[in-house]
Amino acid sequence: MILYAKLGLVDFKLSVRMTYNVTLIPGDGIGPEVTTSARQVIDATGVKINWEVCEAGAEVFKKGLATGVPQETVDSINRNKVALKGPLATPVGYGEKSANVTLRKMFETYGNIRPVKEFPGVATPYSGRGIDLVIVRENVEDLYAGIEHMQTPSVAQCLKLISRKGCEKIVRLGFEFARSQNRKTIHCATKANIMKFSEGMLKRTFEEIAEEYPDLDAQHIIVDNCAHQLVKKPEQFEVIVTTNMNGDILSDLSSALIGGLGFAPGANIGDNACIFEAVHGSAPKYTGKNVINPMAVILSGIMMLRHIGEFKAALDIEHALYITCAVDKVLTRDVVGDANCASTTKFTETVIKNLGRRYEGIQDRAYKAISINNTNIPVAPIQPKERFIEGIDIFFENTKPIGEFGKLMEEAALEASVKLKIITSRGMKIYPTTENTTMDLIDQVTARFVGDGSLNDSQLQKVIASVSTRAQWAHIEKLQVFDGKAGYTKAHGED
Ligand code: NAP
């Protein structure tokens, strides 16, 4: 790193070798192999890093720690503010939470930046099209908050929580990132046409904030079309801002366009800490086989070096990777198959040997640090001038015929001095009357009760009390109206 100092009237340029403290989490499965490779390459650039090796993931779960992240690891990231992380295995569909998600939430790394760039020497059906896009994925909200409940023994619910604050932070990060890389266009990919409140919140926020960035061509795209366009014409995209789950899927899809997950790096960006990691997981079937491609973690290391201001070392590694792949043609199994492939260690040694060489076939981007000042603008909660409660939705476990259940709800409404407006199954009207006779009902229904005017909490409690004596309720939602706008959606078939 070069520091500029001023002494009296004279400017001095000082070359100072700083030592950086970085938390290194080797991770599970192939994690130790790929992080060792990245560490060796980074160390070989001459940048001085004091790696604090910390645990997280499968081994920690096995020791009985439910978060999968020990306090020493949390303390280390808090101290160092920067971490390079290998993949962590997550138990699927039961038990513990993902230690990855826990880390992202613990350090409020609200943005996940995932570049997807065509790599010279790595032949794909898209080679030569100049793919160079970045997915900016919201990283702590949405369905990945992991708030799930079984409403009945056979009906599961996952809450998709999206906040104005979360949207504003990720949208500002997207725009600032696009500017820092001199990008010209930015897309926002949502499913706002169906989920008008949750996904719609990101769309509306994006469209508002776009006004502050007239230098960028900002466009909204529906996420399914975005997936289609990514496969059809990926070179049209530069930066795509999107919600957590959409971003997870789109970034895996995009990585396949440039050679696969072995080439997809990522950075989890927060105001207090940044965690750099590959998009890929622990690929357990390859553990210890010395065949895996370490490039995604090396590329994540390049992002980390730029984040700490070591731009030259980052560029040196980038060019060493280009030479290794495009000139020396040293490529791992995921690119060339079993015959003539390089092992993980051979690939790493070749990259280190190539440090200092320059590849002529690619124009370097003028990287700048992302100015995160603008992402730190405090976002106050929206304060409506007027608000009232129009009613309540109550979700039930029910196996009775719908006519019989409806009569019970009519009685409960009468008792609580409210009206039963509608009963629905998975968002579709089934009572009082329905033309849809082919509906395959499940053991869960929702009854919507409304008052003549605004209701208060004690009236709502009366409704809950009166339905409780007649049926098994599982979940409730207030029907709120903010500044004259309903804060809930109508069911299909509702007036
Ligand atoms: P995965 O580990 O990403 O592996 C899926 C496939 O991608 C592999 O079988 C392999 O494809 C290819 N691949 C992944 N990394 C590669 C690399 N470095 N080089 C070459 N090819 C690579 O996904 P998964 O099997 O669904 O998940 C395994 C575990 O990882 C799960 O426990 C999951 O929860 C966890 N996970 C962790 C993270 C994270 O820590 N951030 C992210 C995703 C998943 P082929 O089979 O075609 O060779």
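When a ligand or atom number is given, it counts from 1 through the structure's own listing order. Below, each value reflects all heavy atoms present in this structure, side chains not excepted, and no hydrogens, waters or symmetry copies.
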For ligand 1, indicate whether the residue N293 contacts it via side chain, backbone, both or neither (heavy-atom separation under 4.0 Å). both
Which ligand 1 atoms does I292 reach within 4.0 Å, using its non-hydrogen atoms? 16 (C), 17 (C), 18 (N), 19 (N), 20 (C)
Check: F175 ring centre within less than 6.0 Å of F206 ring centre: yes
Any ion pair linking E318 and R358 (charged N to carboxylate O, less than 4.0 Å)? no
Under 4.0 Å from a heavy atom of R104: which atoms of ligand 1 are those, numbered in the order shown and with their elements? 41 (N)
Quick check on contacts: which atoms of ligand 1 are under 4.0 angstrom from a heavy atom of T90? 31 (C), 32 (O), 34 (O)
Side chain, backbone, both or neither: N100 near ligand 1, heavy atoms under 4.0 Å: side chain
Quick one: do R129 and E235 make a salt bridge, cutoff under 4.0 Å? yes
Using distance alone, determine whether A283 and ligand 1 share an N or O pair under 3.5 Å. yes
Here the atoms of ligand 1 under 4.0 Å from any heavy atom belonging to K285 are 9 (O), 46 (O)
Heavy-atom contacts with Y286 under 4.0 Å: which atoms of ligand 1 show up? List them by number with element. 10 (C), 45 (P), 46 (O), 48 (O)
With a 6.0 Å cut-off (strictly less than), is the heavy-atom count around CG of N340, excluding the residue itself, greater than 12? no
Looking only at non-hydrogen atoms, which of S255, P294, G281 approaches atom 36 (N) of ligand 1 most closely? G281
Subset of ligand 1 atoms that lie under 4.0 Å from at least one heavy atom of P284: 28 (C)
CE/M245: more than 12 non-hydrogen atoms of other groups inside 6.0 Å: no
Is R306 paired with E310 through a side-chain N to carboxylate O contact shorter than 4.0 Å? no
Salt bridge between K63 and E59, side-chain N to carboxylate O under 4.0 Å? no
Please confirm whether M295 comes under 4.0 Å of ligand 1, counting heavy atoms of the residue only. no
Polar-atom distance check: E277 versus ligand 1, any N or O pair below 3.5 Å? yes
Looking only at distance, does V34 have an N or O less than 3.5 Å from an N or O of ligand 1? no
With a heavy-atom distance limit of 4.0 Å, tell me whether V279 approaches ligand 1 through its side chain, its backbone, both, or neither. backbone
Is it the case that more than 12 heavy atoms not belonging to K117 sit under 6.0 Å from its NZ atom? yes
